[in-house]
Protein chains: 2
Amino acid sequence: MSTKNKILDAAEDLFAVKGFNGTSLREITSQAEVNLAAVNYHFGSKKELIKAVMSRYMNELSPRLEVALQKIVDDERQPTLIEVFSAFVDPLLWLNEFKHNGTSNFLQLLGRGYTDSQGFLRWFLTTQYPKVISNFVEAIRKAYPELTPEDIFWRLHFTMGTIVFTMSSNDALIDIAQNDFNKTIDISGVIEQVIPYIAAGVAAPITPAFSASS
Amino acid sequence: MSTKNKILDAAEDLFAVKGFNGTSLREITSQAEVNLAAVNYHFGSKKELIKAVMSRYMNELSPRLEVALQKIVDDERQPTLIEVFSAFVDPLLWLNEFKHNGTSNFLQLLGRGYTDSQGFLRWFLTTQYPKVISNFVEAIRKAYPELTPEDIFWRLHFTMGTIVFTMSSNDALIDIAQNDFNKTIDISGVIEQVIPYIAAGVAAPITPAFSASS
DNA sequence: GCTCAGTTTAAACAGATGTTTAAATTAACG
DNA sequence: CGTTAATTTAAACATCTGTTTAAACTGAGC
(Lines give C-alpha, C1' and ligand atoms only; values in the text may rest on other atoms or scores of the structure.)
Protein backbone atom coordinates (compact mmCIF):
# COMPACT_ATOMS: atom_id res chain seq x y z
CA MET A 1 0.00 0.00 0.00
CA SER A 2 1.42 3.33 -1.06
CA THR A 3 2.05 6.13 1.40
CA LYS A 4 -0.45 8.27 -0.45
CA ASN A 5 -3.22 5.71 -0.01
CA LYS A 6 -2.35 5.03 3.61
CA ILE A 7 -2.82 8.72 4.26
CA LEU A 8 -6.09 8.88 2.32
CA ASP A 9 -7.52 5.90 4.21
CA ALA A 10 -6.60 7.21 7.63
CA ALA A 11 -7.69 10.75 6.84
CA GLU A 12 -11.05 9.57 5.58
CA ASP A 13 -11.88 7.60 8.71
CA LEU A 14 -10.82 10.39 11.02
CA PHE A 15 -12.49 13.15 9.03
CA ALA A 16 -15.77 11.22 9.03
CA VAL A 17 -15.79 10.86 12.81
CA LYS A 18 -14.17 14.08 14.02
CA GLY A 19 -14.65 16.49 11.13
CA PHE A 20 -12.05 18.30 9.10
CA ASN A 21 -11.24 20.96 11.65
CA GLY A 22 -11.27 18.41 14.43
CA THR A 23 -8.66 16.14 12.90
CA SER A 24 -4.96 17.03 13.04
CA LEU A 25 -2.32 15.96 10.58
CA ARG A 26 -0.48 14.27 13.42
CA GLU A 27 -3.48 12.07 14.14
CA ILE A 28 -3.73 11.17 10.48
CA THR A 29 -0.07 10.38 9.93
CA SER A 30 0.14 8.50 13.20
CA GLN A 31 -2.85 6.28 12.32
CA ALA A 32 -1.49 5.83 8.79
CA GLU A 33 1.94 5.00 10.22
CA VAL A 34 3.73 7.46 7.98
CA ASN A 35 5.84 10.50 8.65
CA LEU A 36 4.14 13.78 9.48
CA ALA A 37 5.73 15.59 6.55
CA ALA A 38 4.34 13.05 4.10
CA VAL A 39 1.00 14.86 3.90
CA ASN A 40 2.57 18.10 2.75
CA TYR A 41 4.94 16.24 0.46
CA HIS A 42 2.25 14.24 -1.32
CA PHE A 43 -0.72 16.59 -1.13
CA GLY A 44 0.74 20.04 -0.56
CA SER A 45 -1.53 21.07 2.27
CA LYS A 46 -4.30 19.85 4.54
CA LYS A 47 -6.90 21.56 2.37
CA GLU A 48 -5.71 19.65 -0.70
CA LEU A 49 -5.79 16.42 1.29
CA ILE A 50 -9.44 17.04 2.10
CA LYS A 51 -10.21 17.56 -1.57
CA ALA A 52 -8.30 14.39 -2.45
CA VAL A 53 -10.29 12.34 0.05
CA MET A 54 -13.56 13.59 -1.42
CA SER A 55 -12.43 13.22 -5.02
CA ARG A 56 -11.51 9.60 -4.52
CA TYR A 57 -15.13 8.88 -3.61
CA MET A 58 -16.75 11.18 -6.11
CA ASN A 59 -14.75 9.63 -8.93
CA GLU A 60 -16.13 6.23 -7.95
CA LEU A 61 -19.65 7.38 -7.31
CA SER A 62 -20.48 9.96 -9.93
CA PRO A 63 -20.20 7.80 -13.07
CA ARG A 64 -22.37 5.12 -11.47
CA LEU A 65 -24.91 7.70 -10.39
CA GLU A 66 -24.94 9.27 -13.82
CA VAL A 67 -25.66 5.92 -15.44
CA ALA A 68 -28.45 5.08 -13.02
CA LEU A 69 -30.12 8.47 -13.37
CA GLN A 70 -29.61 8.58 -17.13
CA LYS A 71 -31.43 5.30 -17.40
CA ILE A 72 -34.45 6.86 -15.72
CA VAL A 73 -34.28 9.98 -17.87
CA ASP A 74 -33.97 8.02 -21.11
CA ASP A 75 -36.76 5.58 -20.31
CA GLU A 76 -39.99 6.61 -21.98
CA ARG A 77 -41.99 5.48 -18.97
CA GLN A 78 -42.63 8.04 -16.26
CA PRO A 79 -40.72 7.05 -13.12
CA THR A 80 -42.03 7.28 -9.57
CA LEU A 81 -40.13 9.41 -7.08
CA ILE A 82 -39.36 6.27 -5.14
CA GLU A 83 -37.63 4.93 -8.25
CA VAL A 84 -35.64 8.12 -8.64
CA PHE A 85 -34.34 8.03 -5.10
CA SER A 86 -33.77 4.31 -5.23
CA ALA A 87 -31.37 4.95 -8.10
CA PHE A 88 -28.96 6.20 -5.46
CA VAL A 89 -29.05 3.08 -3.36
CA ASP A 90 -26.88 0.72 -5.40
CA PRO A 91 -24.16 3.25 -6.24
CA LEU A 92 -24.02 4.34 -2.61
CA LEU A 93 -23.95 0.83 -1.21
CA TRP A 94 -21.30 -0.08 -3.74
CA LEU A 95 -18.94 2.21 -1.87
CA ASN A 96 -18.86 -0.46 0.82
CA GLU A 97 -17.13 -2.75 -1.68
CA PHE A 98 -14.73 0.03 -2.54
CA LYS A 99 -13.70 0.49 1.05
CA HIS A 100 -14.72 -0.69 4.50
CA ASN A 101 -17.48 1.61 5.81
CA GLY A 102 -17.33 3.40 2.49
CA THR A 103 -21.00 4.33 2.23
CA SER A 104 -21.28 5.67 5.73
CA ASN A 105 -17.93 7.44 5.54
CA PHE A 106 -18.77 9.15 2.29
CA LEU A 107 -22.15 10.41 3.43
CA GLN A 108 -20.71 11.65 6.68
CA LEU A 109 -17.95 13.45 4.81
CA LEU A 110 -20.54 15.01 2.55
CA GLY A 111 -22.29 16.38 5.60
CA ARG A 112 -19.04 17.67 7.04
CA GLY A 113 -18.37 19.42 3.78
CA TYR A 114 -21.51 21.44 4.13
CA THR A 115 -20.96 22.60 7.67
CA ASP A 116 -17.23 22.52 8.32
CA SER A 117 -14.80 24.89 6.72
CA GLN A 118 -17.34 27.51 5.65
CA GLY A 119 -18.58 25.50 2.74
CA PHE A 120 -15.54 25.51 0.52
CA LEU A 121 -16.17 21.83 -0.03
CA ARG A 122 -19.72 22.51 -1.15
CA TRP A 123 -18.30 24.83 -3.76
CA PHE A 124 -15.78 22.18 -4.75
CA LEU A 125 -18.42 19.48 -5.17
CA THR A 126 -21.00 21.53 -7.04
CA THR A 127 -18.47 22.93 -9.48
CA GLN A 128 -16.56 19.68 -10.01
CA TYR A 129 -19.50 17.32 -10.35
CA PRO A 130 -22.41 19.29 -11.80
CA LYS A 131 -23.57 16.47 -14.04
CA VAL A 132 -24.83 14.42 -11.12
CA ILE A 133 -26.93 17.31 -9.92
CA SER A 134 -28.41 18.16 -13.31
CA ASN A 135 -29.25 14.51 -13.99
CA PHE A 136 -30.95 14.29 -10.65
CA VAL A 137 -33.01 17.41 -11.24
CA GLU A 138 -34.02 16.10 -14.66
CA ALA A 139 -35.12 12.77 -13.17
CA ILE A 140 -37.20 14.51 -10.54
CA ARG A 141 -38.74 16.78 -13.16
CA LYS A 142 -39.75 13.75 -15.16
CA ALA A 143 -41.30 11.98 -12.19
CA TYR A 144 -43.19 15.06 -11.03
CA PRO A 145 -43.53 17.53 -13.92
CA GLU A 146 -45.82 19.89 -11.99
CA LEU A 147 -42.97 20.95 -9.74
CA THR A 148 -41.50 24.31 -10.68
CA PRO A 149 -37.71 24.70 -10.79
CA GLU A 150 -37.97 26.62 -7.53
CA ASP A 151 -39.87 23.82 -5.86
CA ILE A 152 -37.33 21.28 -7.08
CA PHE A 153 -34.49 23.40 -5.85
CA TRP A 154 -35.94 23.67 -2.38
CA ARG A 155 -37.00 20.10 -2.05
CA LEU A 156 -33.69 18.76 -3.25
CA HIS A 157 -32.01 20.91 -0.70
CA PHE A 158 -34.29 19.62 2.04
CA THR A 159 -33.60 16.09 0.86
CA MET A 160 -29.88 16.69 0.91
CA GLY A 161 -30.26 17.92 4.47
CA THR A 162 -32.18 14.85 5.53
CA ILE A 163 -29.62 12.46 4.10
CA VAL A 164 -26.56 14.31 5.20
CA PHE A 165 -27.75 15.03 8.70
CA THR A 166 -28.91 11.47 9.18
CA MET A 167 -25.58 10.10 8.13
CA SER A 168 -23.59 12.63 10.12
CA SER A 169 -25.23 11.39 13.28
CA ASN A 170 -25.27 7.82 12.05
CA ASP A 171 -23.31 6.39 14.97
CA ALA A 172 -25.50 8.13 17.51
CA LEU A 173 -28.58 6.89 15.69
CA ILE A 174 -27.46 3.29 15.77
CA ASP A 175 -26.83 3.61 19.51
CA ILE A 176 -30.24 5.15 20.17
CA ALA A 177 -32.04 2.53 18.11
CA GLN A 178 -30.19 -0.17 20.02
CA ASN A 179 -30.83 1.27 23.48
CA ASP A 180 -34.36 2.66 23.13
CA PHE A 181 -35.90 0.15 20.76
CA ASN A 182 -33.56 -2.81 21.11
CA LYS A 183 -33.17 -2.88 17.35
CA THR A 184 -29.96 -3.30 15.46
CA ILE A 185 -29.65 -0.98 12.50
CA ASP A 186 -27.17 -0.97 9.71
CA ILE A 187 -26.72 1.49 6.91
CA SER A 188 -29.15 -0.17 4.54
CA GLY A 189 -31.75 -0.19 7.32
CA VAL A 190 -31.41 3.56 7.57
CA ILE A 191 -31.68 3.94 3.81
CA GLU A 192 -34.82 1.81 3.83
CA GLN A 193 -36.36 4.14 6.40
CA VAL A 194 -35.36 7.37 4.75
CA ILE A 195 -36.48 6.77 1.17
CA PRO A 196 -40.24 6.83 1.86
CA TYR A 197 -39.73 9.97 3.90
CA ILE A 198 -37.87 11.96 1.27
CA ALA A 199 -40.02 10.64 -1.56
CA ALA A 200 -43.14 11.80 0.27
CA GLY A 201 -41.50 15.14 1.05
CA VAL A 202 -40.61 15.81 -2.56
CA ALA A 203 -44.06 14.62 -3.63
CA ALA A 204 -45.80 17.01 -1.23
CA PRO A 205 -48.59 19.17 -2.70
CA ILE A 206 -47.19 22.17 -4.50
CA THR A 207 -46.82 25.23 -2.34
CA PRO A 208 -47.91 28.70 -3.36
CA ALA A 209 -45.22 30.81 -5.02
CA PHE A 210 -42.29 32.13 -3.02
CA SER A 211 -43.36 34.63 -0.44
CA ALA A 212 -41.23 37.47 -1.70
CA SER A 213 -40.17 39.94 0.94
CA SER A 214 -39.45 43.57 0.20
CA MET B 1 -24.36 45.83 28.55
CA SER B 2 -22.60 43.45 30.91
CA THR B 3 -19.37 41.72 30.01
CA LYS B 4 -21.13 38.39 30.30
CA ASN B 5 -23.75 39.35 27.71
CA LYS B 6 -21.22 40.92 25.39
CA ILE B 7 -19.40 37.60 25.37
CA LEU B 8 -22.59 35.60 24.83
CA ASP B 9 -23.64 37.79 21.89
CA ALA B 10 -20.28 37.64 20.17
CA ALA B 11 -19.86 33.93 20.82
CA GLU B 12 -23.29 33.15 19.44
CA ASP B 13 -22.72 34.97 16.15
CA LEU B 14 -19.30 33.42 15.63
CA PHE B 15 -20.35 29.91 16.67
CA ALA B 16 -23.25 30.03 14.23
CA VAL B 17 -21.03 30.94 11.29
CA LYS B 18 -17.78 29.11 12.06
CA GLY B 19 -18.82 26.35 14.40
CA PHE B 20 -17.66 25.67 17.95
CA ASN B 21 -14.32 24.15 17.05
CA GLY B 22 -13.72 26.80 14.43
CA THR B 23 -14.12 29.76 16.74
CA SER B 24 -11.34 30.75 19.13
CA LEU B 25 -11.75 32.54 22.42
CA ARG B 26 -9.58 35.33 21.08
CA GLU B 27 -11.96 35.93 18.21
CA ILE B 28 -14.87 36.02 20.61
CA THR B 29 -13.31 38.35 23.16
CA SER B 30 -11.95 40.58 20.42
CA GLN B 31 -15.37 40.96 18.78
CA ALA B 32 -16.99 41.44 22.19
CA GLU B 33 -14.32 44.02 23.09
CA VAL B 34 -13.52 42.37 26.39
CA ASN B 35 -10.38 40.85 27.83
CA LEU B 36 -9.42 37.32 26.83
CA ALA B 37 -9.48 36.06 30.41
CA ALA B 38 -13.07 37.22 30.84
CA VAL B 39 -14.44 34.03 29.29
CA ASN B 40 -12.72 31.80 31.80
CA TYR B 41 -13.56 34.19 34.62
CA HIS B 42 -17.28 34.37 33.87
CA PHE B 43 -17.94 30.95 32.38
CA GLY B 44 -15.10 28.74 33.57
CA SER B 45 -14.25 27.21 30.23
CA LYS B 46 -15.06 27.30 26.54
CA LYS B 47 -17.28 24.26 26.92
CA GLU B 48 -19.36 25.99 29.57
CA LEU B 49 -19.62 29.04 27.35
CA ILE B 50 -21.08 26.89 24.59
CA LYS B 51 -23.65 25.51 27.02
CA ALA B 52 -24.49 29.01 28.20
CA VAL B 53 -25.07 30.23 24.66
CA MET B 54 -27.45 27.35 23.99
CA SER B 55 -29.20 27.63 27.35
CA ARG B 56 -29.98 31.29 26.79
CA TYR B 57 -31.99 30.31 23.72
CA MET B 58 -33.51 27.15 25.08
CA ASN B 59 -34.77 28.98 28.14
CA GLU B 60 -36.59 31.41 25.86
CA LEU B 61 -37.83 28.81 23.43
CA SER B 62 -38.77 25.76 25.42
CA PRO B 63 -41.62 27.21 27.54
CA ARG B 64 -43.21 28.74 24.43
CA LEU B 65 -42.85 25.47 22.54
CA GLU B 66 -44.29 23.51 25.44
CA VAL B 67 -47.35 25.74 25.55
CA ALA B 68 -47.95 25.54 21.83
CA LEU B 69 -47.56 21.77 21.73
CA GLN B 70 -49.55 21.24 24.92
CA LYS B 71 -52.43 23.12 23.36
CA ILE B 72 -52.47 20.60 20.53
CA VAL B 73 -52.19 17.63 22.86
CA ASP B 74 -54.99 18.87 25.15
CA ASP B 75 -57.36 19.73 22.33
CA GLU B 76 -59.89 16.99 21.80
CA ARG B 77 -59.80 17.51 18.06
CA GLN B 78 -57.26 15.48 16.11
CA PRO B 79 -54.61 17.83 14.70
CA THR B 80 -53.11 17.65 11.24
CA LEU B 81 -49.36 17.21 10.91
CA ILE B 82 -49.21 20.65 9.33
CA GLU B 83 -50.71 22.04 12.50
CA VAL B 84 -48.18 20.22 14.65
CA PHE B 85 -45.23 21.58 12.72
CA SER B 86 -46.77 25.01 12.47
CA ALA B 87 -46.74 25.13 16.26
CA PHE B 88 -43.00 25.67 15.99
CA VAL B 89 -43.23 28.69 13.73
CA ASP B 90 -44.23 31.40 16.17
CA PRO B 91 -41.89 30.37 18.99
CA LEU B 92 -39.01 30.10 16.53
CA LEU B 93 -39.72 33.40 14.83
CA TRP B 94 -40.08 35.04 18.22
CA LEU B 95 -36.35 34.49 18.69
CA ASN B 96 -35.85 37.27 16.17
CA GLU B 97 -37.40 39.66 18.67
CA PHE B 98 -35.18 38.29 21.37
CA LYS B 99 -32.04 38.97 19.37
CA HIS B 100 -31.05 40.04 15.87
CA ASN B 101 -30.86 36.95 13.63
CA GLY B 102 -32.04 34.95 16.61
CA THR B 103 -34.05 32.34 14.73
CA SER B 104 -31.39 31.63 12.17
CA ASN B 105 -28.59 31.67 14.73
CA PHE B 106 -30.38 29.27 17.04
CA LEU B 107 -31.16 26.74 14.32
CA GLN B 108 -27.63 26.89 13.02
CA LEU B 109 -26.27 26.35 16.51
CA LEU B 110 -28.59 23.39 16.93
CA GLY B 111 -27.10 21.85 13.82
CA ARG B 112 -23.58 22.53 15.02
CA GLY B 113 -24.43 20.76 18.23
CA TYR B 114 -25.14 17.58 16.35
CA THR B 115 -22.03 17.52 14.23
CA ASP B 116 -19.36 19.50 16.07
CA SER B 117 -17.77 18.37 19.29
CA GLN B 118 -18.82 14.74 19.06
CA GLY B 119 -22.35 15.38 20.20
CA PHE B 120 -21.83 16.51 23.76
CA LEU B 121 -24.30 19.29 23.04
CA ARG B 122 -26.88 16.81 21.84
CA TRP B 123 -26.55 15.04 25.14
CA PHE B 124 -26.85 18.32 26.97
CA LEU B 125 -30.02 19.36 25.13
CA THR B 126 -31.81 16.04 25.33
CA THR B 127 -31.14 15.66 29.03
CA GLN B 128 -31.84 19.27 29.96
CA TYR B 129 -34.94 19.84 27.85
CA PRO B 130 -36.69 16.48 27.54
CA LYS B 131 -40.18 17.97 27.91
CA VAL B 132 -40.04 19.61 24.49
CA ILE B 133 -39.20 16.34 22.84
CA SER B 134 -41.84 14.28 24.64
CA ASN B 135 -44.51 16.89 23.93
CA PHE B 136 -43.56 16.86 20.30
CA VAL B 137 -43.69 13.08 20.05
CA GLU B 138 -47.06 13.09 21.76
CA ALA B 139 -48.42 15.68 19.31
CA ILE B 140 -47.20 13.65 16.36
CA ARG B 141 -48.67 10.49 17.82
CA LYS B 142 -52.01 12.21 18.15
CA ALA B 143 -51.96 13.50 14.58
CA TYR B 144 -50.91 10.15 13.14
CA PRO B 145 -51.69 7.35 15.60
CA GLU B 146 -50.73 4.57 13.19
CA LEU B 147 -47.05 5.50 13.43
CA THR B 148 -45.08 3.21 15.70
CA PRO B 149 -42.62 4.74 18.18
CA GLU B 150 -39.82 3.59 15.90
CA ASP B 151 -41.35 5.30 12.90
CA ILE B 152 -41.80 8.49 14.89
CA PHE B 153 -38.23 8.33 16.11
CA TRP B 154 -36.85 8.03 12.62
CA ARG B 155 -39.07 10.59 11.02
CA LEU B 156 -38.44 13.13 13.72
CA HIS B 157 -34.77 12.61 13.21
CA PHE B 158 -35.12 13.10 9.47
CA THR B 159 -37.15 16.21 10.12
CA MET B 160 -34.51 17.53 12.47
CA GLY B 161 -31.98 17.00 9.72
CA THR B 162 -34.04 18.84 7.17
CA ILE B 163 -34.54 21.87 9.40
CA VAL B 164 -31.06 22.03 10.78
CA PHE B 165 -29.31 21.51 7.50
CA THR B 166 -31.50 24.03 5.73
CA MET B 167 -30.75 26.65 8.33
CA SER B 168 -27.05 25.86 8.44
CA SER B 169 -26.75 26.73 4.80
CA ASN B 170 -29.33 29.49 5.08
CA ASP B 171 -27.06 32.26 3.81
CA ALA B 172 -25.97 30.23 0.80
CA LEU B 173 -29.60 29.36 0.10
CA ILE B 174 -30.70 32.98 0.08
CA ASP B 175 -27.90 33.80 -2.34
CA ILE B 176 -28.80 30.96 -4.70
CA ALA B 177 -32.49 31.86 -4.66
CA GLN B 178 -31.56 35.43 -5.49
CA ASN B 179 -29.12 34.60 -8.28
CA ASP B 180 -30.79 31.60 -9.93
CA PHE B 181 -34.45 32.48 -9.48
CA ASN B 182 -34.31 36.21 -8.87
CA LYS B 183 -36.38 35.71 -5.75
CA THR B 184 -35.76 37.31 -2.40
CA ILE B 185 -36.17 34.91 0.48
CA ASP B 186 -36.22 35.53 4.16
CA ILE B 187 -36.38 33.09 7.01
CA SER B 188 -40.16 32.87 7.06
CA GLY B 189 -40.13 32.17 3.33
CA VAL B 190 -37.89 29.19 3.99
CA ILE B 191 -40.17 28.01 6.77
CA GLU B 192 -43.15 28.28 4.47
CA GLN B 193 -41.38 26.04 1.96
CA VAL B 194 -40.18 23.46 4.44
CA ILE B 195 -43.35 22.74 6.38
CA PRO B 196 -45.22 20.98 3.55
CA TYR B 197 -42.10 18.95 2.90
CA ILE B 198 -41.59 17.69 6.42
CA ALA B 199 -45.30 17.20 7.01
CA ALA B 200 -45.52 15.02 3.92
CA GLY B 201 -42.37 13.15 4.97
CA VAL B 202 -43.71 12.34 8.39
CA ALA B 203 -47.07 11.43 6.87
CA ALA B 204 -45.50 9.00 4.42
CA PRO B 205 -47.03 5.50 4.24
CA ILE B 206 -45.77 3.33 7.05
CA THR B 207 -42.69 1.32 6.22
CA PRO B 208 -42.24 -2.35 7.03
CA ALA B 209 -40.51 -3.06 10.35
CA PHE B 210 -36.83 -2.37 10.86
CA SER B 211 -34.67 -4.60 8.76
CA ALA B 212 -32.75 -6.15 11.60
CA SER B 213 -29.21 -7.24 10.78
CA SER B 214 -27.40 -9.97 12.66
C1' DG C 1 -10.59 57.30 53.73
C1' DC C 2 -10.41 52.30 54.27
C1' DT C 3 -11.62 47.78 53.34
C1' DC C 4 -12.77 44.16 50.65
C1' DA C 5 -15.22 41.50 47.21
C1' DG C 6 -15.97 41.72 42.31
C1' DT C 7 -13.99 42.52 38.10
C1' DT C 8 -10.62 43.64 34.58
C1' DT C 9 -6.11 43.53 32.75
C1' DA C 10 -1.51 42.20 30.59
C1' DA C 11 1.44 38.62 30.58
C1' DA C 12 2.79 34.18 30.55
C1' DC C 13 1.89 29.22 30.37
C1' DA C 14 2.14 24.57 28.22
C1' DG C 15 0.60 22.22 24.48
C1' DA C 16 -1.18 21.64 19.74
C1' DT C 17 -1.42 23.20 15.07
C1' DG C 18 0.10 23.27 9.81
C1' DT C 19 4.20 23.86 7.38
C1' DT C 20 9.18 23.93 6.12
C1' DT C 21 13.94 22.53 6.17
C1' DA C 22 17.90 19.82 5.23
C1' DA C 23 19.88 15.58 5.72
C1' DA C 24 19.25 10.54 5.11
C1' DT C 25 17.37 6.80 2.66
C1' DT C 26 15.44 4.35 -1.18
C1' DA C 27 14.38 3.39 -6.04
C1' DA C 28 15.07 3.77 -11.00
C1' DC C 29 17.91 3.59 -14.91
C1' DG C 30 21.84 3.59 -17.86
C1' DC D 1 28.38 0.10 -10.03
C1' DG D 2 27.29 5.06 -10.30
C1' DT D 3 24.24 8.76 -10.82
C1' DT D 4 20.15 11.04 -10.29
C1' DA D 5 15.58 11.65 -8.90
C1' DA D 6 11.97 10.43 -5.65
C1' DT D 7 10.83 9.63 -1.16
C1' DT D 8 11.22 9.38 3.83
C1' DT D 9 12.83 11.09 8.08
C1' DA D 10 13.67 13.87 12.42
C1' DA D 11 13.83 18.30 13.81
C1' DA D 12 12.63 22.82 14.01
C1' DC D 13 9.61 26.66 12.63
C1' DA D 14 6.20 30.25 13.77
C1' DT D 15 1.66 30.65 15.07
C1' DC D 16 -2.44 29.61 17.45
C1' DT D 17 -4.98 27.17 21.12
C1' DG D 18 -7.48 27.25 26.01
C1' DT D 19 -6.19 28.29 30.50
C1' DT D 20 -3.86 30.40 34.56
C1' DT D 21 -1.49 33.84 37.17
C1' DA D 22 -0.81 37.86 39.81
C1' DA D 23 -1.23 42.50 39.81
C1' DA D 24 -4.29 46.43 38.96
C1' DC D 25 -8.55 48.55 39.07
C1' DT D 26 -13.58 49.44 40.46
C1' DG D 27 -17.38 50.52 43.36
C1' DA D 28 -20.11 49.71 47.63
C1' DG D 29 -20.61 49.74 52.61
C1' DC D 30 -18.79 51.20 56.91
Side-chain angles (χ1 to χ4, degrees), chain A residues 1-56 108-109 112-113 115-124, chain B residues 1-56 108-109 112-113 115-124:
Chain A
M1 167 106 71
S2 71
T3 298
K4 222 167 166 171
N5 278 327
K6 281 197 273 187
I7 294 174
L8 285 172
D9 284 345
E12 174 193 316
D13 289 336
L14 289 166
F15 285 156
V17 174
K18 319 180 67 169
F20 302 118
N21 292 339
T23 305
S24 74
L25 293 183
R26 281 168 181 80
E27 291 179 270
I28 294 169
T29 53
S30 150
Q31 174 157 328
E33 295 179 305
V34 302
N35 187 272
L36 166 63
V39 170
N40 287 281
Y41 177 77
H42 286 284
F43 298 94
S45 68
K46 186 182 180 181
K47 210 163 191 168
E48 289 300 320
L49 170 62
I50 296 175
K51 285 190 194 174
V53 169
M54 293 307 291
S55 294
R56 192 167 60 148
Q108 288 189 245
L109 291 172
R112 301 283 183 191
T115 51
D116 280 18
S117 53
Q118 284 121 302
F120 99 90
L121 238 174
R122 177 178 47 220
W123 167 86
F124 172 70
Chain B
M1 168 107 70
S2 71
T3 299
K4 221 166 166 173
N5 278 327
K6 281 197 272 189
I7 294 174
L8 285 173
D9 285 345
E12 175 193 316
D13 289 337
L14 289 166
F15 284 155
V17 174
K18 318 179 69 170
F20 301 119
N21 292 339
T23 305
S24 73
L25 294 184
R26 281 168 181 80
E27 290 179 270
I28 294 170
T29 53
S30 151
Q31 174 158 327
E33 295 179 307
V34 302
N35 188 273
L36 167 63
V39 170
N40 287 281
Y41 177 76
H42 286 284
F43 298 95
S45 69
K46 186 182 180 181
K47 210 164 190 168
E48 289 299 320
L49 171 62
I50 296 175
K51 286 189 192 175
V53 168
M54 292 308 290
S55 294
R56 193 168 60 149
Q108 288 188 244
L109 291 172
R112 302 282 184 192
T115 50
D116 281 18
S117 52
Q118 283 122 304
F120 98 91
L121 236 175
R122 177 179 48 222
W123 167 87
F124 172 70

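Chain letters run A, B, ... following the sequence lines, proteins first, then strands; residues in each count from 1. Hydrogens, waters and symmetry mates play no part in the numbers below; they use all other heavy atoms, side chains included.
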Detail all sub-3.5 Å separations between protein N/O atoms and N/O atoms belonging to nucleotides 25-28 of chain C.
none

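- B:Thr23 comes within contact range of the sugar-phosphate backbone alone, with a heavy-atom separation under 4.0 Å but no base atom that close.
- Whole-Å rounding puts the B:Leu25 CG to D:dG18 P distance at 4 Å.
- A straight line from CD1 of A:Ile50 to C1' of C:dT19 spans 15 Å, rounded to a whole angstrom.
- Annotation: of the two residues near DNA chain C, A:Gly44 and A:Glu27, the 5′-most nearest-nucleotide partner is A:Glu27.
- Note that CE of A:Met54 and CD of A:Glu12 are 9.5 Å apart. Values are rounded to the nearest 0.5 Å.
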Evaluate A:Arg112 against A:Ile50 for side chain to side chain contact (heavy atoms under 4.5 Å, CB included), listing each step before the verdict. CA-CA 11 Å; A:Arg112 301 283 183 191; A:Ile50 296 175; over 6 Å; no
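- Rounding to whole angstrom units, CD1 of residue B:Ile28 and P of D:dG18 are separated by 8 Å.
- Atom P of nucleotide D:dA10 and atom CD of A:Glu33 are separated by 13 Å, given to the nearest angstrom.
- One interatomic measurement links the two molecules: NZ of A:Lys47 to P of C:dG18, which rounds to 13 Å at whole-angstrom precision.
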What side-chain donor-acceptor pairs closer than 3.5 Å can you find for residues 29-40 of chain A, not counting sequence neighbours?
from    : atom 1 : to      : atom 2 : distance (Å)
A:Thr29 : OG1    : A:Leu25 : O      : 2.9
A:Thr29 : OG1    : A:Arg26 : O      : 3.4
A:Asn35 : OD1    : A:Ala37 : N      : 2.9

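- A heavy atom lying under 4.0 Å from DNA chain D marks the following residues of residues 35-43 of chain B, by number: B:Leu36, B:Ala37, B:Asn40.
- Residue A:Lys4 contributes atom NZ, which lies 15 Å from atom C1' of D:dT8 at whole-angstrom precision.
- Under the side chain to side chain contact (heavy atoms under 4.5 Å, CB included) criterion, B:Ala16 pairs with B:Asn105, B:Gln108, B:Leu109, sequence neighbours left out.
- Note that the OG atom of B:Ser24 and the NZ atom of B:Lys18 stand 7.5 Å from one another [nearest 0.5 Å].
- Expressed to the nearest 0.5 Å, how far OG of A:Ser2 lies from NE2 of A:His42 amounts to 7.5 Å.
- Contact between the side-chain N/O atoms of A:Thr3 and the OP1/OP2 oxygens of D:dT8 is found at a separation under 4.0 Å.
- A straight line from CG of A:Asn21 to P of C:dA16 spans 18 Å, rounded to a whole angstrom.
- Rounded to whole Å, the distance from CZ on A:Arg26 to C1' on C:dG15 is 11 Å.
- A:Phe15 has its side chain within reach of A:Ile28: a pair of non-hydrogen atoms, C-beta onward, lies under 4.5 Å apart.
- Remark: A:Phe20 CZ to A:Lys46 NZ distance equals 9.5 Å, nearest 0.5 Å.
- Listed pair A:Ser24 / C:dA16 fails the phosphate criterion, with no side-chain N or O lying under 4.0 Å from OP1 or OP2.
- Helix-axis bend for the helix from C:dG1-D:dC30 to C:dG30-D:dC1: the local axis fitted to the five terminal pairs at one end deviates from that at the other end by 0°, rounded to 10°.
- The nearest pair of heavy atoms linking B:Ala11 to B:Leu49 is CB-CD2, 4.0 Å.
- If you take CG on A:Leu8 and CE on A:Met1, they are separated by 10.0 Å, rounding to the nearest 0.5 Å.
- Salt bridge absent: B:Asp9 and B:Lys4 never bring a charged side-chain N and a carboxylate O closer than 4.0 Å.
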